[in-house]
Every structure is written in structure tokens, then in C-alpha cells.
Amino acid sequence: MNYWLLKTEPSSFSIEDLAAAPHKTTSWTGVRNYQARNLIRDQIHKGDEAFLYHSSSEHTGIVGIVRVVRGAYPDPSAFDRRDPHYDPAGSARAPRWYTFDVRLARRFKRMIGLDELRTHAADALAGMLLLRAGNRLSVTPVERAHWRFILKLE
DNA sequence: GCCAACGTTGGC
DNA sequence: GCCAACGTTGGC
């Protein structure tokens, strides 16, 4: 089983939105970055767990945990002309973009802020991709040791 | 294949 | 809103 970190902008989709969704489940659509696509398509599997991270907001940080309930399948939003993430380059036969489904496992009692995570960047969380300067990848793997350490911060 | 221009991400 | 860091595009 693998661990991940998924970024979302709470102004467009927050953990509150996920909590209110049917079955507390959503499909993680709209990823249009090849590196993230490859992770989704090749490495994210049913049963994996991921931190949910709120980015681009007043308070940025990890707000909870989701579980992958369905592995990769072609992202339908890429085939929808009216969708802002529509991409005519793909086809049903040769899909370019993938999605997967997650269900809310639990919300943290408190947000573990980016600033707090950074205080451990040189030791316990050394090498964590989220903390690397200039990292913009919306889907990143999380090392098991980092995962455990962050859980203890809560 | 190079690289400048452009668009996006995301912290601040 | 600013801007640094990236990724993508497209001319050559």
C-alpha cells in the first residue's frame, strides 16, 4: 500500500465539499500534468491512502485523509467539450488523462499547516516533495516514515 | 532539438 | 496582487 498527498484549492473543492458528497466520495478529475498522470495511471491503487492538502488559501496545510476506492480509469472530463479541462487530443481508445476515486476517511482535528510541516523539513520530513522549493505537482507520493510522522503531529 | 514566449501553480 | 518556479507550446 502506498501513501500520497493530493492538493486541492478549497475555493473550488474542499474537504467540507468531500464530506458533503454522496458516500463522501468523489472522482479526482481534471489532472492535466503528465507527471501526475503517470502516478495516477501506474502507481495509485485501490486501498492507498492520501493526505488531503488545501492549497492557495489563507491557511494552507493538510486537513485530513482520504482512501482510494477505485484505481485509475480514463478521466471523463477530458472528453466533455463543455468541461474546462476538455482535451480533444485524447480518445476513448487512447485516453490521455486519468482519474481515480477517493472517499473521505477522516478529517483531522486540526489543520497541520505548511508552516508547521516546514519546521521539520530539515529532519523528520527531509526530502518530502511538498516541501521542496518550487514544487507544483498536485499529486505526490509520501514516504511511509513521513506519513507516520505527520500523523503523530495531529 | 533548442529555446523564447506563454500559461499555470501556489506561497506570500 | 505579485512573482518565482515550472510545464507546455511552437517557431526555427
Side-chain angles (χ1 to χ4, degrees), chain A residues 2-21 26-44 48-66 68 71-102 104-143 145-147 149-154:
Chain A
N2 292 317
Y3 297 105
W4 307 92
L5 183 142
L6 304 177
K7 291 182 192 172
T8 182
E9 296 189 23
S11 60
S12 58
F13 188 84
S14 69
I15 195 167
E16 289 81 12
D17 295 326
L18 179 56
T26 192
S27 53
W28 207 259
T29 62
V31 174
R32 298 293 181 268
N33 170 283
Y34 287 106
Q35 208 178 336
R37 188 280 308 270
N38 292 344
L39 290 172
I40 292 169
R41 188 191 57 194
D42 305 333
Q43 295 188 45
I44 294 186
D48 288 357
E49 288 184 303
F51 288 133
L52 199 67
Y53 177 88
H54 280 178
S55 66
S56 297
S57 58
E58 189 180 354
H59 300 292
T60 58
I62 298 170
V63 290
I65 295 174
V66 299
V68 176
Y73 59 99
D75 183 347
S77 71
F79 304 124
D80 181 357
R81 289 176 184 280
R82 295 158 305 174
D83 192 283
H85 297 109
Y86 173 62
D87 182 357
S91 69
R93 192 174 291 261
R96 173 175 288 194
W97 305 112
Y98 288 80
T99 184
F100 58 105
D101 294 354
V102 297
L104 180 63
R106 67 183 182 91
R107 301 168 68 162
F108 281 173
K109 292 188 278 292
R110 65 178 186 93
M111 168 184 280
I112 300 173
L114 179 60
D115 51 354
E116 182 177 353
L117 295 171
R118 280 201 198 288
T119 65
H120 303 285
D123 38 84
L125 297 179
M128 188 175 182
L129 291 176
L130 175 74
L131 305 179
R132 212 181 56 184
N135 174 58
R136 305 185 318 179
L137 202 59
S138 64
V139 177
T140 51
V142 174
E143 295 173 22
H146 291 167
W147 179 273
F149 179 81
I150 290 168
L151 286 183
K152 284 190 287 185
L153 291 177
E154 183 190 8

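From a predicted model like this one, the values you see are computed outputs, not experimental measurements. The chains referred to below are lettered A, B, ... by the order of the sequence lines, with proteins before strands, and numbering in each begins at 1.
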**Complete:** Rounded to the nearest 0.5 angstrom, the CZ-CZ distance for A:Phe108 and A:Phe51 is 5.0 Å
**Asked** Say you draw a straight line from CG of A:Asp87 to CG of A:Asp80; how long is it, rounded to the nearest 0.5 Å?
**Response** 12.5 Å
Nucleotides 2-5 of chain C: which of its N/O atoms have a protein N/O under 3.5 Å away?
from, atom 1, to, atom 2, distance (Å)
C:dA5, N3, A:Arg136, NH1, 3.3

**Item:** Atom pair distance, as rounded to whole Å: CZ in A:Arg32 and P in C:dT9
**Value:** 13 Å
**Message:** Counting C-beta onward and ignoring hydrogens, is there a side-chain heavy-atom pair between A:Val102 and A:Thr26 closer than 4.5 Å?
**Reply:** yes
Compile the donor-acceptor pairs under 3.5 Å between side chains in residues 131-143 of chain A and protein atoms, sequence neighbours left out, one pair per line.
from, atom 1, to, atom 2, distance (Å)
A:Asn135, OD1, A:Leu137, N, 3.4
A:Asn135, ND2, A:Leu129, O, 3.2

**Request:** May I have the distance from A:His85 (atom NE2) to B:dG7 (atom C1'), rounded to whole angstrom?
**Result:** 13 Å
**Message:** Give me each pair satisfying side chain to side chain donor-acceptor pair (under 3.5 Å) with a member in residues 104-114 of chain A, each pair once, sequence neighbours excluded.
**Reply:** A:Glu16-A:Arg107, A:Arg106-A:Glu154, A:Arg110-A:Glu116
**Check: A:Pro74 and A:Phe79 side chains under 4.5 Å, non-hydrogen atoms** = yes
**Request:** Rounded to the nearest angstrom, tell me the gap between atom NE2 in A:His59 and atom P in B:dC12.
**Result:** 13 Å
**salt bridge (charged side-chain N to carboxylate O under 4.0 Å, His left out) contacts in which one or both residues fall within residues 48-57 of chain A, not counting sequence neighbours** = A:Glu49-A:Arg67
**Request:** Could you tell me whether A:Asp75 and A:Arg32 make a salt bridge, using a distance below 4.0 angstrom between a side-chain N and a carboxylate O?
**Result:** yes
**Request:** To the nearest Å, give me how far apart CZ (A:Arg96) and P (C:dT8) are.
**Result:** 10 Å
**Message:** Check whether A:Thr60 reaches the backbone of A:Ser57 with its side chain - one donor and one acceptor, N or O, closer than 3.5 Å.
**Reply:** no
**Interatomic spacing from CH2 in A:Trp4 to CZ in A:Phe100 - rounded to 0.5 Å** = 9.0 Å
**Fill in**
One should read off an interatomic distance between A:Ile62 CD1 and A:Leu114 CG, to the nearest 0.5 angstrom, of 9.0 Å
**Prompt:** Can you find a side chain N or O atom of A:Tyr53 that sits less than 4.0 Å from OP1 or OP2 on B:dG11?
**Reply:** yes
**Message:** Using a strict heavy-atom distance below 4.0 Å, which residues from residues 4-12 of chain A are in contact with DNA chain C?
**Reply:** none
**Message:** What's A:Ser56 touching, base or sugar-phosphate or nothing? Going by heavy atoms closer than 4.0 Å.
**Reply:** base
**Asked** Rounding to a whole Å, what distance do you find between A:Tyr34:OH and B:dT9:C1'?
**Response** 18 Å
**Request:** Measure from CG on A:Leu131 to P on B:dC12 and round the result to the nearest Å.
**Result:** 11 Å
**Asked** A:Leu117 has an atom CG; how far is it from atom P of B:dG11, in whole Å?
**Response** 11 Å
**Fill in**
Sorted by number, residues from residues 120-127 of chain A placing a heavy atom under 4.0 Å from DNA chain B are none
**Message:** Regarding A:Ser57, tell me which of base, sugar-phosphate or nothing describes its non-hydrogen contacts under 4.0 Å with the strands shown.
**Reply:** nothing
